[in-house]
Amino acid sequence: MKDLLKKDFINHYNRHPNLPIKKDEITILYNSVDDISFEIKEETGKKDNIGNEIYGVARYLNPNKLEINIIHYEKFITPLPPRIKNTDNVGKDICDFIVHSANSQYFLLNELTNTAPEFVNEYKNSKGKNEGKFVKALRQLKHSLKILDNVPAIHTYIQKFAIKQCCFFNSYSTVIPDINAIETFNRLDKIGPLTPSKMRNTDIESFGFELCVFPSHCTYLLN
């Protein structure tokens, strides 16, 4: 998948072939794990009351030790030059991670947050109303899925996978230690409930994907 992003994705959205993308304009933060349990962390830009960074967390249980590849999709898109990010709004509404198994079983888009329940759904702010984090996350997942699927080679690649899902993880109330942001993938100390909520969404389903919502301590079971 990382090679498809580097080559096919860039070529598809670079409408200025006379201006090739430089190597230093492409960032692929990539990791491959086969641990029985692991988690993915994403900075939220918020701190707790004692100054520790607050992270969004996606927790995975991998009892069969599948090889799982993790790409930080947001950090791939963000450094790209405007001539790519402005094409088809590539740089707008970006989800956090692409997670896929080497055996073509799982292809997952992840959006991570650490948001209090009262701010997940639509809520009233000082100006009257504000959309909640779930609406924003849903928009990020849908748009990222569309942008990826528009690339013919990536569309073909995704279709090989048996399980295709857009996953929203909210880790609110989870105590997360203050660690180096580069140290994204860590073992779990505790495995929580394994059953997410599956929600209907016709836009996501039109791509052959499901929408899954994981509340705090809910863990994705890779079986």
Can you list everything that forms a side-chain contact (heavy atoms from CB on, under 4.5 Å) with Ser206? Sequence neighbours excluded, please. none
In this structure, is the centre-to-centre distance between the rings of Phe214 and Phe168 below 6.0 Å? no
Set of side chain to side chain donor-acceptor pair (under 3.5 Å) partners for Glu25, sequence neighbours left out: none
Run the salt-bridge test on Lys164 and Glu210 with the 4.0 Å N-O cut-off and return the result as yes or no. no
Would you say Leu148 and Met1 make side-chain contact, with heavy atoms under 4.5 Å? yes
Below 4.0 angstrom, N of the basic side chain to O of the carboxylate: do Lys133 and Glu111 qualify? yes
May I ask you to test the Tyr106-Asn223 pair for a side-chain heavy-atom distance under 4.5 Å? yes
Are a donor atom and an acceptor atom from the side chains of Glu67 and Ser32 found within less than 3.5 Å of each other? yes
Give every residue pair that meets the side chain to side chain donor-acceptor pair (under 3.5 Å) criterion with at least one member in residues 2-22, sequence neighbours excluded. Arg15-Asp88
Would you say the ring centers of Phe9 and Phe76 fall short of 6.0 Å from each other? yes
Cluster overlap Leu4 with Tyr30, hydrophobic side-chain contacts below 4.5 Å: yes
Check: Asn114 side chain, Tyr55 main-chain N or O, donor-acceptor pair, under 3.5 Å: yes
Just to verify, what does Thr202 make a side chain to side chain donor-acceptor pair (under 3.5 Å) with, not counting sequence neighbours? none
Going by side chain to side chain donor-acceptor pair (under 3.5 Å), name the residues that satisfy it together with Asp96, two or more places apart in sequence or in a different chain. none
Are there more than 12 heavy atoms of other residues, nucleotides or ligands under 6.0 Å from atom NZ of Lys136? no
Residue pairs passing the side chain to side chain donor-acceptor pair (under 3.5 Å) test with at least one member in residues 142-159, sequence neighbours excluded, are His100-Tyr157, Lys142-Asp203, Asp149-His155
Say whether, by atom type as modelled, one donor and one acceptor occur between the side chain of Asn170 and the main chain of Thr115 under 3.5 angstrom. yes
